[in-house]
Amino acid sequence: MLNIRTFTLGPLQTNAYLLQGEDPSKAVIVDPGMNPGPLLKAIQDLEIEAILLTHAHFDHIGGVEEIRKLKGCPVYLHDLESDWLTTAKLNGSLNWPQVTPPIAAAPAEFALDEGQKLELIGHTFQVYHTPGHSPGSVSLLCGDDLFAGDVLFRMGVGRTDLTGGRERDLVDSIQNKLYRFPDEVKVYPGHGPKTTIGYEKQNNPYVPAI
């Protein structure tokens, strides 16, 4: 059983997820965004086994360095965005001065790749490369829980007009990877409320099921 806590962080209301298994003293964090104060408070007494990044846009990585320095935990990110983590121009933070100062972090310790399986907190996380919103976007499946970043939202999809975005790739990622999961799989997106694969196949106005 995966215990999932959601923290909506920063001016762009980005969802960070704190995941715990049977041992409640150990956890994994998905996408620690900007202004991570509430998340930092929640992990004070926890061992963080990893920070998993669905992609490296600035609103998803704002808390990475603070948490990594506090907890000494490794960061996982797809290689196509390895430079984004370290470069404010690539991760977009330079383009939003009204929202954030420039954001950069040290390189990720580990890469995420299609088909990879990570054994963390007593659970298996399966990595799916799901580009379109960004070149290195990944979705992480753990049991019936899918952490989809900014690929698939409740009745929405990620924007494709940012650096490296491509609408055709996004549609392909959703139709040929995410929509192939069972209908009961719960989707935890980078923004907004959670949903299910079945609901999106029936109701998403942007990407129909095939």
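These numbers come from the heavy atoms of this one structure, side chains and all, not from hydrogens, waters or symmetry mates.
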Exercise for the section: Assign the ring pair F58 / W96 to parallel, tilted or perpendicular, where the plane angle (0 to 90°) is split at 30° and 60°. Expected result: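 The rings of F58 and W96 sit tilted, inter-plane angle from 30° to 60°.
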
Does [X] reach the side chain of [Y], with side-chain heavy atoms less than 4.5 Å apart?
X    : Y    : value
E119 : T124 : yes
L170 : P131 : no
L162 : H57  : yes
E49  : C73  : no

Practice task
Provide the full list of ring pair (Phe, Tyr, Trp, His ring centres under 6.0 Å) pairs with a residue in residues 102-122, sequence neighbours left out, each pair given once.
Solution key: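 For residues 102-122, and leaving out neighbouring residues, the ring pair (Phe, Tyr, Trp, His ring centres under 6.0 Å) pairs sorted by first residue read Y76-F110.
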
Problem - side-chain contact (heavy atoms from CB on, under 4.5 Å) between L112 and L118, intermediate numbers included - result: CA-CA 9 Å; L112 295 174; L118 304 175; 3.7 Å; yes

Handout entry: Under 3.5 Å side-chain donor-acceptor pair for T130 and S137
Key =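 No.
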
Handout entry: Side-chain donor-acceptor contact under 3.5 Å, T8 with Q13
Key =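 No.
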
Exercise for the section: Would you please indicate if the ring centroids of F153 and Y206 are separated by under 6.0 Å? Expected result: no

Exercise for the section: Please find out if less than 6.0 Å separates the ring center of W84 from that of H55. Expected result: no

All pairs passing salt bridge (Lys or Arg N to Asp or Glu O under 4.0 Å) where [range] contributes a residue, at least two apart:
range            : result
residues 91-109  : R68-E109
residues 73-91   : none
residues 13-22   : none
residues 154-166 : R159-D161, R166-D169

Exercise for the section: Evaluate the side-chain contact (heavy atoms from CB on, under 4.5 Å) criterion for residues V187 and D145: first the C-alpha distance (whole Å), next the side-chain angles of each, then the deciding distance (0.1 Å), finally the verdict. Expected result: CA-CA 6 Å; V187 180; D145 299 309; over 6 Å; no

To check you understand the geometry: which heavy-atom pair defines the closest contact between [X] and [Y], and what is its length?
X    : Y    : answer
A148 : S139 : CA-OG, 3.8 Å
C142 : H123 : SG-CB, 3.6 Å
G192 : P189 : O-CG, 3.8 Å
P11  : V99  : CG-CG1, 3.4 Å
T163 : P135 : O-CD, 4.1 Å
M155 : N203 : CE-O, 3.7 Å

Rounded to the nearest 0.5 Å, what separates atom [atom1] in [X] from atom [atom2] in [Y]?
X    : Y    : atom1 : atom2 : value
L53  : S82  : CG    : OG    : 12.0 Å
T86  : L90  : OG1   : CG    : 7.5 Å
I197 : Q202 : CD1   : CD    : 12.5 Å
D144 : T196 : CG    : OG1   : 11.0 Å
L152 : H133 : CG    : NE2   : 12.5 Å
L70  : E65  : CG    : CD    : 12.0 Å

Handout entry: Sequence-distant partners of R180, salt bridge (charged side-chain N to carboxylate O under 4.0 Å, His left out), two or more places apart
Key =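 Salt bridge (charged side-chain N to carboxylate O under 4.0 Å, His left out) check on R180 returns nothing, list empty.
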
Flag, side chain of [X] to backbone of [Y], donor-acceptor distance under 3.5 Å:
X    : Y    : answer
H78  : H129 : no
K71  : E66  : no
D172 : R168 : no
S93  : P102 : no
D59  : G10  : no

Handout entry: Under the ring pair (Phe, Tyr, Trp, His ring centres under 6.0 Å) test, residues paired with F147 that sit two or more places apart
Key = Y17, Y188

Under the side chain to side chain donor-acceptor pair (under 3.5 Å) test, which residues partner [X], sequence neighbours left out?
X    : answer
Q116 : none
Q126 : none
D183 : K201
N3   : Q20

Tabulate below the donor-acceptor pairs under 3.5 Å that side-chain atoms of residues 24-42 make, not counting sequence neighbours, or state none.
| residue | atom | partner | partner atom | Å |
| --- | --- | --- | --- | --- |
| S25 | OG | D23 | OD1 | 2.7 |
| S25 | OG | D23 | OD2 | 3.4 |
| D31 | OD1 | T54 | N | 2.8 |
| D31 | OD1 | T54 | OG1 | 3.4 |
| D31 | OD2 | T54 | OG1 | 2.6 |
| D31 | OD2 | H60 | ND1 | 2.9 |

Are [X] and [Y] linked, directly or through other ILVMFWY residues, by side chains that come within less than 4.5 angstrom of each other?
X    : Y    : answer
L2   : L52  : yes
V138 : L85  : no
I67  : L46  : yes
V171 : Y128 : yes
I4   : I48  : no

Practice task
Take L141 and F125 through the test side-chain contact (heavy atoms from CB on, under 4.5 Å) and record every step on the way to the result.
Solution key: CA-CA 6 Å; L141 182 67; F125 292 80; over 6 Å; no

Exercise for the section: Check step by step if salt bridge (Lys or Arg N to Asp or Glu O under 4.0 Å) holds for E114 and K177. Expected result: CA-CA 11 Å; E114 172 72 26; K177 290 188 179 176; 3.0 Å; yes

Practice task
Step by step, work out the side-chain contact (heavy atoms from CB on, under 4.5 Å) result for D113 and V127.
Solution key: CA-CA 6 Å; D113 297 302; V127 180; 5.9 Å; no

